[in-house]
Structures are given as structure tokens and as C-alpha cells.
S.K.: 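Here you go, one structure.
For ligands, and for the atoms within them, numbers begin at 1 and follow the listed sequence. Treat the numbers as computed from the prediction; the structure is a model and nothing was measured.
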Amino acid sequence: MGVSAPPVQPSPADLNPHLHPDLLKESGQREVFCGLTSIVWLHRRMPDAFFLVVGSRTCAHLIQSAAGVMIFAEPRFGTAILGEKDLAGLADANEELDRLVKDLLERRPEIRTLFLVGSCPSEVIKLDLAKAAERLSAQLLNRVRVLNYSGSGIETTFTQGEDNALQAMLPLLPSSDEEQLLIVGTLADAVEDRFRLIFERLGITTVRSLPPRRSTDLPPIGRGTRVLLAQPFLSATARALQHRGATLLSAPYPFGVEGSRDWMAAAATAFGVPLARFAEVVDPLVERGRRALAPHREVLAGKRLFLLPDSQMEIPLARFLSRECGMELVEVGVPYLDRQLMAADLALLPADTQLSEGQDVDRQLERVRAARPDLVLCGLGLANPLEAEGIATKWSIELVFSPIHGCDQAGELAELFARPLRRRALLQLS
Ligand code: SF4
């Protein structure tokens with residue numbers, strides 16, 4: 001079952017506007033995490049960085065719950081809790097922040113980059129964290145870089161936190177027109193190593209990543225940079241990179257065998273890799289990936305899936321689950337629809353797919369109940385109530401913490417969706 005046909009490379013212009021005509025736009029009560037949650041995977045990616053949330057006890061609780069057991073390891077994130085005096089404007093929050101940062105850096109001399117992360121409370125009292133970051137950076141010159149971004153629930157949903165964090169790093173990226181492939185978006189280290197090896201075998205020699213593994217190891221950027229997005233939630237970062245001269249490659253996201261193959265093919269085409277060479281390197285991976293998928297496809301094929309808006313990964317996942325696992329899509333919800341960044345995946349969705357953008361959670365839950373899907377992809381807050389109503393669910397947060405990118409991971413990705421259905425079948429049997 002070799003696959004060496006030229007991969008699908010739809011550009012935004014190829015996306016037929018008459019496909020998916022019934023985009024349902026909703027606004028109302030939402031059931032999503034705020035952008036602070038992204039600290040949980042970003043701090044693992046850059047062990048020499050520290051994320052200091054300037055917020056309330058609610059914010060501290062949120063990160064601790066999201067990070068689970070990790071709070072007992074040496075923490076690389078924390079919360080500067082705004083007290084009543086700060087909120088009432090009676091204390092100089094800037095002075096307190098400076099003192100706290102200095103204490104922290106004395107205790108933790110290994111920190112190289114400090115992110116001051118804005119929250120709802122810091123935004124409401126208009127604490128200027130951008131200025132604070134500038135001031136502290138000047139004081140700590142050559143020792144620690146202090147950056148700022150917002151992870152507040154007012155401005156960001158869930159994975160948008162990573163988009164904001166990466167944007168905060170962009171001004172520090174040196175300019176260079178050197179030819180390179182830049183992978184943008186957090187990948188698990190092992191997955192990234194595998195991709196690098198594959199690109200090396202394809203003859204693409206200079207491959208860099210953003211975010212890097214060491215926060216100070218920042219990639220240069222310029223006209224020779226070709227960007228492959230590894231994650232679909234990086235709209236603002238992608239545009240900012242284009243402003244710095246980089247070319248954004250259009251490709252489906254590397255979920256599943258087909259998506260991963262097309263994603264790698266986009267780079268191969270941009271770097272002039274001969275088709276035969278591509279087939280030689282990638283076809284065996286495709287075959288292996290398809291074999292790993294097969295047992296999960298048996299569970300998933302024909303099952304009806306409803307995706308609630310959460311991580312912005314819904315469209316590429318829906319594409320993978322419908323095309324490679326045979327699932328039927330009832331509704332594909334996204335927090336916001338970036339047509340340019342989703343173009344290649346949208347073009348591969350079944351033409352009659354019901355898309356929805358934004359959320360009015362009660363109305364959406366009514367649609368879920370009416371449709372009685374076999375599986376719902378949703379956030380933690382909705383999962384247990386839906387399970388109690390007899391509807392199987394998959395937590396979307398697992399998808400940002402699990403290594404799911406690449407042909408080799410296609411089986412694992414399908415397994416994440418097959419598992420709740422298998423478990424349900426077992427419980428019904430017993
Ligand atoms: S940033 Fe806002 S939404 Fe997020 S935990 Fe803090 S208060 Fe809640």
C-alpha cells in the first residue's frame with residue numbers, strides 16, 4: 001500500500017467558499033479554559049523559563065488543577081497574587097512585583113527567561129505588565145529576559161495563550177535571511193526529534209523550532225524562513241512571522257497519516273526535494289501508520305462525533321477522524337475560525353460538514369442531546385455531566401498534552417478517541 005502520489009496542497013484560494021455554507025456563528029455563555037492553561041505545556045517545553053502569573057487565587061487554582069501532579073515537582077510557574085490593597089489601588093503593585101521578581105530570581109538563578117503573564121484581575125486594574133517587563137529587563141540586563149503576554153479569560157481562550165507567548169518572544173528573534181525550515185508550535189520532544197530526522201533524510205538540513213527547547217536559543221527569522229505550523233492555534237504568531245519576511249507553507253496539520261504526510265510534503269516541495277526521494281523516506285512511515293490505525297478504525301468507523309469548541313484543534317482532528325477513521329461528523333465547533341490557517345484542512349472535510357464558530361453553550365448542548373452522538377469531544381467542565389446523561393466523551397485537554405503529531409503517532413491519536421468507546425462497551429457488557 002505505497003503512497004507516493006503528489007500530496008494535497010490546497011491554497012486558501014482553492015477553498016471553495018460554497019463548501020460548508022452553513023457556518024453557524026454563535027455568541028453567548030462559553031465553557032472554555034482561559035489562556036493561562038497553556039503555561040502547563042509551555043513550561044515543560046522550556047525548562048529554563050519561568051511563568052509568573054500576576055493574578056488572583058482563582059488563577060493560581062486554575063493552573064494547579066490543570067497541572068495536576070506536576071505542582072509537586074520543582075515548579076517553573078507561580079502566581080503573584082494581587083491582594084485587596086492592590087485591587088483597591090492602595091499599594092504600589094509595581095514595587096511589590098519588582099520585589100517579588102528579585103526574590104524569585106535569587107532563589108532560582110537558573111531562570112533565563114521570565115514571562116509575566118497577565119490575567120483578568122491584572123487587566124481590570126490596568127496593571128501595565130508590558131512596562132514592568134521592560135523595566136525589569138533593563139535592571140536584569142544580560143542575566144534574565146523578562147517578557148509579558150496576556151493569558152486572561154477576557155482576551156484569550158485556552159491554546160491562544162501559546163500564541164500570545166510566542167508573539168512575546170518574536171521581538172527577540174534575530175533577523176537573518178538564511179534558508180531554514182521553522183517548525184512553529186509546541187511539539188513533544190520525541191516527536192520533534194523524529195520529524196527532524198525525517199527532514200534530514202529528505203535533505204532539509206537547517207530545521208529550527210519555535211518555541212525552542214532552551215528559551216535563549218531563539219531561531220533567526222527572515223526571507224529565507226519557511227514556516228510549517230505544527231499547531232492550528234497560532235494565527236497571530238503566523239502573521240507576525242510573515243511580517244518579518246517568512247513564508248507560511250500551506251498544509252494540513254500533522255495529525256494522522258495523511259495530514260502528517262501532506263505536512264512534510266509541503267516542506268519537501270518548498271525545498272525542492274525530488275518526489276522519488278520523498279516517497280522513499282515517507283512511504284514506509286505511511287504504511288506503518290496505516291497498520292497502527294487499523295484496529296482503532298474498526299471501533300470508530302460509522303460512529304457519530306460532535307466536537308465542541310475548545311482548543312482550535314477541532315477542524316484538523318475532524319478531518320483525521322472522518323477521512324482516516326471513518327467517523328461521521330455531526331458538528332465541528334471552533335472557538336474562532338481562521339480560514340487562512342485552516343484552508344488545507346477545511347478543503348479535506350466532507351462538503352456537508354456543519355461548522356460552528358463561537359459558543360452559546362446551552363444551545364449547543366441542546367443540539368448535542370437532540371443528535372445523541374456516539375462521542376463528544378469537549379472540555380473538562382462538560383465531560384462528566386454528558387457522561388451522566390449517557391453520552392460518551394473525550395477530554396480535549398489530553399490532546400494538547402499527548403504526543404499526537406506525525407505518522408508514527410496516528411495509531412495513538414486514534415486510540416485516544418477509541419478508548420472511551422471501548423470502555424463504554426466493556427462497562428455495558430459487565
Ligand atoms: S485569568 Fe481570568 S479566567 Fe483565567 S483563571 Fe484568572 S480570573 Fe479566571
S.K.: Check the pair T79 / V54 against side-chain contact (heavy atoms from CB on, under 4.5 Å), numbers first and verdict last.
M.R.: CA-CA 6 Å; T79 310; V54 183; over 6 Å; no

S.K.: May I have all residue pairs that pass ring pair (Phe, Tyr, Trp, His ring centres under 6.0 Å) and include part of residues 339-368, sequence neighbours excluded?
M.R.: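 Qualifying pairs: none.
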
S.K.: If the test is side chain to side chain contact (heavy atoms under 4.5 Å, CB included), which one of L229, L234, T247, V227 qualifies with L241?
M.R.: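 In the set L229, L234, T247, V227, the residue that makes a side chain to side chain contact (heavy atoms under 4.5 Å, CB included) with L241 is V227.
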
S.K.: Sorted by first residue and then second, give each ring pair (Phe, Tyr, Trp, His ring centres under 6.0 Å) pair with at least one member in residues 114-159; sequence neighbours left out.
M.R.: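 Residue pairs passing ring pair (Phe, Tyr, Trp, His ring centres under 6.0 Å), neighbours aside: F33-F158, W41-F158, F51-F115, F115-Y149.
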
S.K.: Check for me whether R319 meets the cation-pi criterion with Y253, that is, NZ or CZ under 6.0 Å from the six-membered ring centre and within 45 degrees of the ring axis.
M.R.: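 No, R319 and Y253 do not form such a contact.
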
S.K.: Keeping to residues at least two apart or across chains, list the side-chain hydrogen bond (donor to acceptor under 3.5 Å, both in side chains) pairs with something in residues 302-312.
M.R.: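 Applying side-chain hydrogen bond (donor to acceptor under 3.5 Å, both in side chains) to every pair that reaches into residues 302-312, excluding sequence neighbours, yields D310-S396.
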
S.K.: Around atom 4 (Fe) of ligand 1, how many protein N, O or S atoms are there at under 2.8 Å?
M.R.: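 Considering protein N, O and S only, atom 4 (Fe) of ligand 1 has 1 within range.
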
